[in-house]
Amino acid sequence: MDEEELCLIYIFSNKGDNPMNFSLKISSKIVGVLFIVAGVASVIGLLLYDPILNGPDYLIRGSEHANKVRLGAIFELITVVTVVGTATTMFPILRKYNETIALWHLCFRFLEAIAITVGIISVLSLLTLSQKFVSAGALDIASFQASGTLLKAIHDWTFLLGPNFMLGINTMMCSYLLYRSKLIPRFISVMGLSGATLIFIASILEMFGIILQLSIWGAVLAIPIALYEMTLAVWLIVKGFNVSAISYGKGNSYGQ
């Protein structure tokens with residue numbers, strides 16, 4: 001029995017005392033919590049945006065509910081933090097199996113965060129426009145409406161490109177590595193692969209105006225990836241990553 005085999009036996013027989021295992025448990029719990037926070041924060045943020053994004057009188061209602069809109073922006077910023085947090089926490093783990101795909105996942109996750117941030121800026125700019133519109137009275141209504149339409153369009157496009165298009169791509173990459181590595185049960189990875197495919201298809205259909213993002217079909221195509229993220233989050237918090245898969249992956253990475 002050589003030294004490497006003895007080392008592996010020690011790892012598997014002392015899981016509770018291994019510092020690597022402890023660090024992995026902490027990382028898995030962090031990722032799980034961040035996924036849950038992201039899901040909750042994004043929904044709350046969208047609901048709080050309602051006065052300024054919906055209805056024909058959004059320029060008036062936005063100003064009337066300014067603090068509500070600002071609070072929505074804060075929840076969206078929390079979503080941005082969680083998106084970056086999950087990507088950076090998972091990268092050191094995923095890179096053991098394919099560093100190239102892990103890096104792609106990291107980059108597309110960052111692009112998702114950037115798209116969401118641009119959407120936040122557009123909403124806050126729309127809030128400023130709303131306040132200026134109310135203070136100016138009925139002067140130059142057409143110009144205010146044109147500016148408002150543009151800012152709403154920016155938000156809508158970033159909402160499509162970030163939480164749909166980019167999310168579909170980065171989830172596909174992450175789920176593929178999780179499937180190959182067996183870090184989590186494969187049925188969860190399959191949920192991620194199917195959910196990522198559906199949300200990506202939804203983004204293309206929405207881009208060409210075949211379906212609306214906030215519609216029954218948009219919701220049907222988005223539910224699978226939401227279920228995947230919550231299932232993954234609960235699993236990581238309760239069970240964590242498969243330690244034996246991590247140990248095996250350290251000597252069996254590919255595509256680097």
Side-chain angles (χ1 to χ4, degrees), residues 37-84 108-171 198-223 225-226:
V37 173
V40 174
S42 60
V43 171
I44 293 176
L46 185 62
L47 293 175
L48 291 173
Y49 279 166
D50 180 73
I52 203 165
L53 291 179
N54 300 308
D57 57 344
Y58 66 92
L59 285 175
I60 297 175
R61 294 183 67 228
S63 179
E64 292 175 346
H65 299 86
N67 288 334
K68 186 177 181 180
V69 174
R70 292 190 185 101
L71 186 59
I74 291 174
F75 276 99
E76 284 273 88
L77 287 170
I78 292 173
T79 302
V80 170
V81 171
T82 60
V83 167
V84 174
F108 278 102
R109 197 70 169 156
F110 279 6
L111 287 174
E112 179 186 349
I114 291 170
I116 296 172
T117 302
V118 174
I120 296 170
I121 295 171
S122 70
V123 170
L124 292 176
S125 299
L126 185 58
L127 176 60
T128 300
L129 182 72
S130 172
Q131 293 172 324
K132 294 293 184 182
F133 174 77
V134 171
S135 62
L139 300 176
D140 202 11
I141 295 177
S143 118
F144 277 103
Q145 289 179 335
S147 299
T149 299
L150 176 60
L151 291 172
K152 287 179 67 176
I154 292 173
H155 172 268
D156 291 344
W157 281 112
T158 56
F159 189 50
L160 187 155
L161 294 175
N164 276 26
F165 187 83
M166 296 300 175
L167 176 63
I169 295 175
N170 65 54
T171 301
L198 290 175
I199 199 68
F200 181 80
I201 292 173
S203 69
I204 300 300
L205 295 177
E206 292 156 6
M207 191 177 295
F208 284 92
I210 299 174
I211 64 172
L212 296 176
Q213 188 169 8
L214 298 178
S215 65
I216 294 177
W217 277 111
V220 168
L221 293 173
I223 286 174
I225 199 166

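Just the heavy atoms: all of them, side chains too, but no hydrogens, waters or symmetry mates, feed the values below.
Smallest separation of non-hydrogen atoms from T79 and A41: OG1-CB, 3.5 Å. Nearest heavy atoms, V83 versus A113: CG1-CB, 3.9 Å.
Remark: S143 pairs with D140 by the side chain to side chain donor-acceptor pair (under 3.5 Å) rule, at least two apart or across chains.
Pairs of residues two or more places apart, or lying in two chains, that qualify as salt bridge (charged side-chain N to carboxylate O under 4.0 Å, His left out) and include a residue from residues 109-119 are R109-E112.
Put simply, the side chain of T171 does not reach to within 4.5 Å of the side chain of I199, judged on heavy atoms. Residues L71 and F75 have side chains in contact (heavy-atom distance under 4.5 Å, counting atoms from C-beta outward). No side-chain heavy atom of S122 sits less than 4.5 Å from a side-chain heavy atom of V118. Y58 places a side-chain heavy atom less than 4.5 Å from the side chain of T149.
Note: L59 CG to L127 CG = 11.0 Å, rounded to the nearest 0.5 Å. Note that the NE2 atom of H155 and the CD1 atom of I52 stand 10.0 Å from one another [nearest 0.5 Å]. Annotation: the span from I204 atom CD1 to M207 atom CE amounts to 5.0 Å, rounded to 0.5 Å. For the atom pair CZ (F165) and CH2 (W157), the distance works out to 11.5 Å, reported to the nearest 0.5 Å.
Other residues, nucleotides and ligands contribute more than 12 heavy atoms inside 6.0 Å of the CD1 atom of I210.
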Check your understanding: Stepwise, does the side chain to side chain contact (heavy atoms under 4.5 Å, CB included) test hold for D50 with R61?
Key -> CA-CA 9 Å; D50 180 73; R61 294 183 67 228; 3.9 Å; yes
Exercise for review: Report the C-alpha separation of F159 and L53 in whole Å, then their side-chain angles, then the decisive distance to 0.1 Å, and conclude whether the side chain to side chain contact (heavy atoms under 4.5 Å, CB included) test is met.
Suggested key: CA-CA 12 Å; F159 189 50; L53 291 179; over 6 Å; no
Review point. When you look at F133 and S130, which way does the side chain to side chain contact (heavy atoms under 4.5 Å, CB included) test go after all the steps?
Key: CA-CA 5 Å; F133 174 77; S130 172; 5.5 Å; no
Review point. Between L48 and H65, does a side chain to side chain contact (heavy atoms under 4.5 Å, CB included) hold up when you go through it step by step?
Key: CA-CA 9 Å; L48 291 173; H65 299 86; over 6 Å; no
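Considering I44, I120, L126 in turn, I120 is the only one that fulfils the side chain to side chain contact (heavy atoms under 4.5 Å, CB included) rule with Y49. With respect to E206, the side chain to side chain contact (heavy atoms under 4.5 Å, CB included) criterion is satisfied by exactly one of L212, L161, N164, L214: N164.
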